[in-house]
Structures are given as structure tokens and as C-alpha cells.
Amino acid sequence: MTEDLMDSAGLCHRVHAAIRVLPVLPFPAENERLAKDGVYLLFEKGETGHNGARIVRVGSHTGSGNLPNRLKEHTTANKDRSIFRKNIGRALLNRVQDPFLEQWDWDLTSKEKRALYGPRLDAARQEATEEAVTRYVIGNLSFAVIAVADRTARLSLEKALIATVAQCPGCGSSSDWLGMFSPVGSIRTSGLWLKQHLRGETVTASQLEWLQRSIRAQ
Ligand SMILES: [Zn+2]
């Protein structure tokens with residue numbers, strides 16, 4: 001292991017260098033061309049690092065064969081089924097100090113919550129915000145996919161990539177990144193549309209080697 005591989009900025013740099021060769025695809029995600037299982041990386045207009053687009057989110061999926069659907073949900077699901085969409089909406093609303101943010105935070109997934117909040121919900125604002133989120137994702141986000149068939153390997157790679165980018169001092173958000181308007185502190189400080197696994201274990205030398213090899217073979 002070389003010295004700079006031990007350093008977290010060096011690790012993140014190598015991750016970014018490895019993923020540069022992957023095709024970067026626009027939203028909405030098209031099912032046919034995508035690997036069925038894997039880890040996805042999101043990039044956002046105006047956000048750069050390590051000689052190119054910087055990773056602004058890492059995600060995966062649990063159900064087998066579900067990656068294309070997971071990516072589709074970035075532009076189709078409602079915010080209570082996609083924490084990513086919820087967070088984009090929060091930042092969009094917070095940026096203009098829109099009081100609808102309080103209602104956007106309500107989780108209407110369960111019947112009980114719908115009964116509780118439903119009558120007070122401004123449904124027109126809710127729909128307009130969902131549409132604004134979809135427009136933002138289509139207009140500003142793009143993605144790349146690392147195919148990983150094995151569920152355990154996939155989830156551990158996801159976690160390690162999140163920690164690697166989150167702990168990197170060598171890349172971060174631009175001053176006008178939408179995430180800087182997030183009411184969620186960990187999004188603002190990490191520069192990632194994420195809350196979990198930020199302080200976890202970074203990629204190991206063998207994970208990095210596997211990543212470089214499998215991307216070349218992909
Ligand atoms: Zn970095």
C-alpha cells in the first residue's frame with residue numbers, strides 16, 4: 001500500500017479516477033441499458049472535484065434486480081418513498097424560506113399519519129413541490145452505475161464509498177450547491193445528499209482494487 005492510498009483525500013481521488021470511465025447517464029433513468037444490480041453514483045451540475053464531476057450521492061438497493069427501479073424512483077416516486085427526493089425538496093423550499101417545508105416534512109406513508117395530517121395538507125403545494133423536485137433532478141443530476149451482483153458486497157461497497165467521499169478533505173460542495181440550503185446539517189457539512197454511513201470505514205485497498213478491476217471489465 002502506498003502512502004497516499006492511506007490518506008483519505010488520496011483514496012477519494014482514486015475512487016473518482018476509477019469511476020471516470022463509467023458512462024454518465026441522464027435522468028429519467030432508462031431501464032433497458034442498466035445493470036440490474038449495483039451501486040449508483042450521482043453527479044450534480046456545478047459540483048466538481050478530483051478533476052471532474054464530484055460524487056454527490058452514493059446509493060444502492062436491497063431487492064435483487066431492483067437497481068433500474070430504484071433509479072427510476074428518483075424522478076417518479078413520491079418523497080415519502082425516496083429520502084433523496086425529500087431532501088431535494090427540503091433544500092428547494094428552505095432556500096426561499098417557504099413555510100410549506102413543515103408540511104413537506106410530514107411522513108404520509110402510514111394510514112394513521114394520513115388521517116392525522118391529511119386534512120391539513122395543502123395538496124396543491126405538495127404536488128407542485130413534487131414536480132419541482134422532478135424538474136430539478138432531470139435538469140441537474142446525472143448518474144453512473146457500478147455493477148455489483150452480490151448483495152453483501154454491494155451494500156458494503158456503498159457504505160465504504162459514502163464514508164470515503166464524506167471524509168475526504170480534497171473535494172466538497174461549491175458555495176452555491178443546493179445542499180447548502182438543506183435544513184439537514186449532515187448534508188451541508190458532508191457535501192453529500194446523505195445522512196447515514198458518513199463516519200464509517202472508508203474503502204479498503206482490496207475494495208479499491210476490486211473497484212478498478214470490475215469497472216475496467218464492465
Ligand atoms: Zn474527495
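Computed from heavy atoms alone, side chains included, the values below leave out hydrogens, waters and symmetry copies. Atoms within a ligand are numbered from 1 in the order they appear, just like the ligands themselves. As the structure is a prediction and not an experimental result, all values here were calculated from the model.
- Each of Leu42, Ile88, Val58 was evaluated against Trp193; a single residue qualifies, Ile88, per the side chain to side chain contact (heavy atoms under 4.5 Å, CB included) test.
- Proximity of a side-chain donor or acceptor of Arg188 to a complementary backbone N or O of Ser182 within less than 3.5 Å is detected.
- Side chains of Arg54 and Ser173: a donor-acceptor N/O pair is absent below 3.5 angstrom, by distance only.
- Take the N/O/S atoms of His50: the one nearest the Zn ion (ligand 1) is NE2.
- Taking 4.0 Å as the cut-off between side-chain N and carboxylate O, Asp98 and Arg125 count as a salt-bridged pair.
- The SG atom of Cys171, the Zn ion (ligand 1) and the SG atom of Cys168 define an angle of 120° (nearest 10 degrees).
- Contact annotation: His13 places no N, O or S atom under 2.8 Å from the Zn ion (ligand 1).
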